[in-house]
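Take a look at the structure set out below.
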Amino acid sequence: MIFKLKEIASHINAELHGDPDCEINQVATLQNAQAGDLSFLSNRRYFGYLKETNASAVILSSEDASECLTNKLITSEPYIAYAKAAQLIYVQAQVVPTKDPSAVISESASLDESVFVGANAYIGENVSIGSNSYIGPGVVISDEVIIGSDCRFTANISLCKGTVIGARALFHPGVVIGADGFGIANEDGRWIKVPQLGVVHIGDDVELGANTTIDRGALDDTIIEDGVKIDNQVQIGHNVQIGAHTAIAGCCAIAGSVRIGKRCMIGGLSAISGHIEIADDVIITGM
């Protein structure tokens with residue numbers, strides 16, 4: 001979509017210096033931007049590209065504005081402003097209600113009429129799916145799963161029995177929710193499986209990266225609260241609880257019965273041992 005710079009400035013609450021009628025049709029990095037592109041500067045490593053950029057406009061802080069030779073959108077939080085501008089320009093396509101002929105949908109499943117179901121998807125008994133949700137190709141939704149509205153499950157995702165998911169979830173390919181946790185007991189050198197009887201509860205506005213797995217609870221449920229963002233290839237064990245708006249980077253492993261507070265940030269390749277508790281607003285750097 002094409003926006004005038006004054007429209008973007010209003011949307012991101014930025015101070016506009018330059019041509020308010022300048023037209024913007026996409027976003028780009030400082031070094032690769034061309035006419036019609038909107039760029040941003042939030043990391044000082046890229047400051048050297050500012051004077052030579054071909055972008056039609058740049059989002060940046062007041063401290064850097066004097067070095068910018070093109071139209072400017074000045075804000076105290078350039079990266080947040082860039083994210084909001086990109087959301088404005090790149091509107092997600094509306095879900096078109098479709099049920100692919102190759103999909104298998106149980107008669108007892110309840111799907112809002114606005115739901116999209118892609119090729120080779122499977123939807124089990126007593127499943128409930130809310131309005132405007134997208135069930136991509138190869139997605140397997142087992143019995144008694146509950147899904148809220150405006151969710152997007154991209155492709156080849158498995159939602160195991162009893163999983164509960166709130167509104168506006170975004171799951172990337174290969175996600176597995178509700179597989180058995182690693183519950184085993186050793187008797188005289190032989191392993192006995194401990195039945196995993198809980199489920200997984202996921203709140204609203206949760207995003208899960210590709211090939212991330214979240215195990216069902218052993219007795220109590222595994223709980224992921226609202227607004228949690230999880231990167232690719234993260235393993236979350238049974239009975240884990242993750243507080244609202246926590247972010248977890250790629251390849252982390254979180255053992256069973258861990259409790260993580262709200263608004264935490266956990267760096268990539270971190271490993272968290274079982275049965276420990278992390279308070280709110282904790283930052284754990286990579287590895």
Side-chain angles (χ1 to χ4, degrees), residues 40-46 61 76-84 86-87 151-154 157-160 163-184 196 198-287:
F40 70 101
L41 175 65
S42 63
N43 188 327
R44 297 290 296 178
R45 292 180 182 179
Y46 301 99
S61 67
S76 60
E77 296 286 353
Y79 191 65
I80 293 173
Y82 153 71
K84 292 179 178 179
Q87 286 181 342
C151 292
R152 187 173 182 85
F153 305 117
T154 54
I157 290 163
S158 295
L159 307 178
C160 298
T163 297
V164 178
I165 299 169
R168 298 175 299 281
L170 173 56
F171 294 178
H172 296 281
V175 163
V176 177
I177 306 297
D180 279 359
F182 194 52
I184 51 177
Q196 303 294 288
V199 296
V200 178
H201 281 262
I202 295 177
D204 297 339
D205 302 299
V206 171
E207 181 170 356
L208 302 179
N211 295 320
T212 280
T213 58
I214 302 176
D215 293 343
R216 69 194 309 110
L219 290 173
D220 297 329
D221 297 336
T222 302
I223 298 174
I224 313 297
E225 294 184 359
D226 294 349
V228 170
K229 308 299 182 186
I230 300 177
D231 197 3
N232 300 337
Q233 298 180 335
V234 174
Q235 155 65 16
I236 297 175
H238 55 194
N239 303 104
V240 168
Q241 296 184 28
I242 300 178
H245 306 293
T246 284
I248 302 174
C251 297
C252 288
I254 301 173
S257 300
V258 167
R259 293 192 175 191
I260 299 173
K262 302 178 188 300
R263 301 175 301 277
C264 293
M265 293 187 285
I266 300 174
L269 286 171
S270 296
I272 300 176
S273 298
H275 303 275
I276 68 172
E277 186 166 346
I278 297 171
D280 296 343
D281 301 299
V282 170
I283 297 174
I284 298 174
T285 59
M287 303 183 70

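The first residue in the sequence is number 1, and the count goes up from there. Quick caveat, the model's predicted, so the values are computed rather than measured.
By the side-chain hydrogen bond (donor to acceptor under 3.5 Å, both in side chains) test, Arg45 is found to be paired with no residue, residues two or more places apart in sequence or in another chain being considered. Residues passing the side-chain contact (heavy atoms from CB on, under 4.5 Å) test with Ala255, sequence neighbours excluded: none. The side-chain contact (heavy atoms from CB on, under 4.5 Å) test applied to Leu219 returns Leu197, not counting sequence neighbours. With sequence neighbours excluded, no residue satisfies side-chain hydrogen bond (donor to acceptor under 3.5 Å, both in side chains) with Asp204. A search for side-chain contact (heavy atoms from CB on, under 4.5 Å) contacts involving Ser76 returns nothing, not counting sequence neighbours. Applying the side-chain hydrogen bond (donor to acceptor under 3.5 Å, both in side chains) rule to Glu225 yields the partners Lys262; only residues at least two apart in sequence or on another chain are considered. Legend: residues meeting side-chain hydrogen bond (donor to acceptor under 3.5 Å, both in side chains) with Asp180, ordered by chain and number and at least two apart, are Lys193. Annotation: side-chain contact (heavy atoms from CB on, under 4.5 Å) contacts of Cys264 (sequence neighbours excluded): Thr246, Ile260, Ile278, Val282. For Asp231, the salt bridge (Lys or Arg N to Asp or Glu O under 4.0 Å) criterion is met by no residue, not counting sequence neighbours.
Ring planes of Phe40 and Tyr79: tilted class, angle from 30 to 60°.
At most 12 heavy atoms of other shown residues, nucleotides or ligands fall within 6.0 angstrom of atom NZ in Lys84. By the neighbour-count criterion of 12 heavy atoms within 6.0 Å, atom CD1 of Ile184 is densely surrounded, having more than that number from other residues, nucleotides or ligands.
Ile177 contributes atom CD1, which lies 9.5 Å from atom OG of Ser158 (distance to the nearest 0.5 angstrom). Here Arg168 contributes atom CZ and Arg152 contributes atom CZ; the two are 15.5 Å apart, rounded to the nearest 0.5 Å. The structure places CD1 of Ile223 at 7.0 Å from NE2 of His201, a figure rounded to the nearest 0.5 Å. Note that the CD1 atom of Ile276 and the OG atom of Ser257 stand 11.5 Å from one another [nearest 0.5 Å]. The CG atom of Asn211 sits 10.0 Å away from atom CD1 of Ile157, with the distance rounded to the nearest 0.5 Å. Annotation: the span from Gln235 atom CD to Thr212 atom OG1 amounts to 9.0 Å, rounded to 0.5 Å.
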Anything under 3.5 Å between a donor and an acceptor, one on a side chain of residues 236-244, the other on a protein residue two or more places apart or in another chain? List them.
unit_1 : atom_1 : unit_2 : atom_2 : d
His238 : ND1    : Gln196 : OE1    : 2.7
Asn239 : OD1    : Ala218 : N      : 3.2
Asn239 : ND2    : Asp220 : O      : 2.7

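In this structure a side-chain-to-backbone donor-acceptor pair under 3.5 Å is missing from Lys229 to Gly209. For Asp226 (side chain) and Gly203 (main-chain N/O), no donor-acceptor pair under 3.5 Å exists by modelled atom type. The main-chain N or O of Glu77 is never found under 3.5 Å from a side-chain atom of Ser42 such that the two would form a donor-acceptor pair.
When all heavy atoms are compared, the tightest approach of Ile284 to Ser270 is CG2-OG, 3.8 Å. The nearest pair of heavy atoms linking Cys252 to Ile266 is SG-CG2, 3.9 Å. Considering every non-hydrogen atom in both Gly166 and Cys151, the closest pair reads O-SG, 3.1 Å. Of all heavy-atom pairs between Cys160 and Arg216, the closest is CB-NH1, 3.9 Å.
The side-chain heavy atoms of Thr163 and Ile214, taken from C-beta on, include no pair separated by under 4.5 Å. With contacts defined as side-chain heavy-atom distances shorter than 4.5 Å, the pair Leu208/Ile224 does not qualify.
Applying the ring-ring contact (aromatic ring centres under 6.0 Å, His included) definition to pairs two or more places apart or across chains, those involving residues 165-184 are Phe153-Phe171. Screening residues 271-286 for salt bridge (charged side-chain N to carboxylate O under 4.0 Å, His left out) gives Arg263-Asp281 as the qualifying pairs, with residues at least two apart or on separate chains.
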Problem set entry | Val164 vs Asp221, side chain to side chain contact (heavy atoms under 4.5 Å, CB included): CA-CA, chis, key distance, verdict | CA-CA 10 Å; Val164 178; Asp221 297 336; over 6 Å; no

